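Numbering of residues begins at 1 and proceeds along the displayed sequence. Every number for a ligand or one of its atoms is a count from 1 in the order of the listing. Keep in mind that what you see is a predicted model, and the values were worked out from it rather than measured.
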Amino acid sequence: MPLKVQEIQKLARVVDDALVQAYEIERLTATFADLSLSDAYLIQDEGIRFRRIRGEREVGYKMGLTSEAKRKQMNLDAPIYGILTDKMQLSERQNFSLTGSIHPKIEPEIAFIIEKELSGKVTPEQALAACAWVCPALEILDSRFLNFKYFSLPDVVADNCSSSKFVLGQRKFSAREFQVDDLARLELTMQVNGKVVESAVSSAVSGNPVYSLVELCSLLDSRGLSLKAGSIVLTGAATAAIALEPGSQIDLEVEKLGNTWLKTIP
Ligand code: OOG
Ligand code: MG
């Protein structure tokens with residue numbers, strides 16, 4: 001049974017309060033065992049509406065669970081998407097304070113910036129041709145659920161796919177410089193305080209980060225939406241996420257795409 005509008009609004013409020021006040025809540029499916037994925041996206045939409053009311057602006061999307069490493073870490077099995085807002089974007093020069101986070105983690109990604117709207121079913125070549133730029137990205141996750149655990153996709157979708165912050169590499173590379181296949185062969189290396197903690201090849205992301213874009217278009221299309229020009233897209237982490245500690249420097253190097261970094265403070 002689909003939830004009533006009032007129930008969607010109520011659950012979105014529960015998740016949003018936890019986000020704003022940085023406390024943990026029980027997963028929604030503990031109470032609503034048969035919460036559907038489509039209702040979960042409606043809860044996500046409603047949460048974004050609350051953010052808009054607070055003055056945030058949508059700037060793109062993040063794909064989640066596009067790599068086997070992530071699906072294994074979270075014990076979930078299908079790609080999902082969340083929405084990015086301007087408030088989530090950090091600059092490389094900005095120290096990230098962990099105050100206000102619940103249990104933040106960080107993960108290495110590849111991002112695209114879209115220059116031509118994409119809608120419906122698209123081929124990888126069409127998807128890449130619609131991109132202006134490609135660059136490395138670090139995503140900070142922060143689930144609102146107890147101990148960063150949830151046991152179903154609807155929980156994490158309702159929580160906007162655990163999104164918290166992201167940083168894009170300052171230097172952007174023209175997507176025109178790459179063929180689709182080139183983007184499956186890039187080595188990603190994430191270091192914390194100068195020590196390599198995670199590494200992978202970009203094919204870990206959906207076989208190719210471009211396929212993650214294709215998948216996003218198809219997920220959006222199934223909800224009657226399209227990927228607008230100007231959108232930032234995080235294609236999903238290539239490795240498992242790692243817990244963030246204060247006083248760390250996290251560096252991500254992506255072969256042929258340069259690097260990005262972030263420093264954490266208490
Ligand atoms: C869900 C979000 C997954 C990714 O890149 O796979 C994600 C989570 O891990 O809590 O952002
Ligand atoms: Mg991610």
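Checked by atom type, the side-chain pair Arg93/Ser91 shows no donor-acceptor distance below 3.5 Å.
Of the candidates Arg52, Arg223, Arg51, Arg223 is the only one forming a salt bridge (charged side-chain N to carboxylate O under 4.0 Å, His left out) with Asp45.
Ser212 places a side-chain N or O within donor-acceptor distance of the main-chain N or O of Thr235, the cut-off being under 3.5 Å. Put simply, the side chain of Glu109 gets close to the backbone of Ala237: a donor and an acceptor are under 3.5 Å apart. With hydrogens and angles disregarded, no donor-acceptor distance shorter than 3.5 Å links the side chain of Thr239 to the backbone of Glu198.
Closer than 4.0 angstrom to ligand 1 lie heavy atoms from Lys62, Met63, Gly64, Leu65, Lys70, Met74, Glu107, Glu109, Glu139, Leu141, Phe148, Tyr150, Val156, Cys161, Ser162, Gly236, Ala237.
Tyr41 is linked by a ring pair (Phe, Tyr, Trp, His ring centres under 6.0 Å) to Tyr81, counting only residues two or more places apart in sequence or in another chain.
For the pair Gln89 and Phe166, the minimum side-chain heavy-atom distance is below 4.5 Å.
Taking a 6.0 Å sphere around CD of Gln249, one finds it holds more than 12 heavy atoms contributed by other residues, nucleotides or ligands.
Around the Mg ion (ligand 2), the protein N, O or S atoms closer than 2.8 Å are Glu107 OE2, Glu109 OE2, Glu139 OE1, listed by chain and residue number.
A salt bridge (Lys or Arg N to Asp or Glu O under 4.0 Å) check over residues 132-146, counting only residues at least two apart or in different chains, returns the pairs Lys62-Glu139, Arg144-Asp159.
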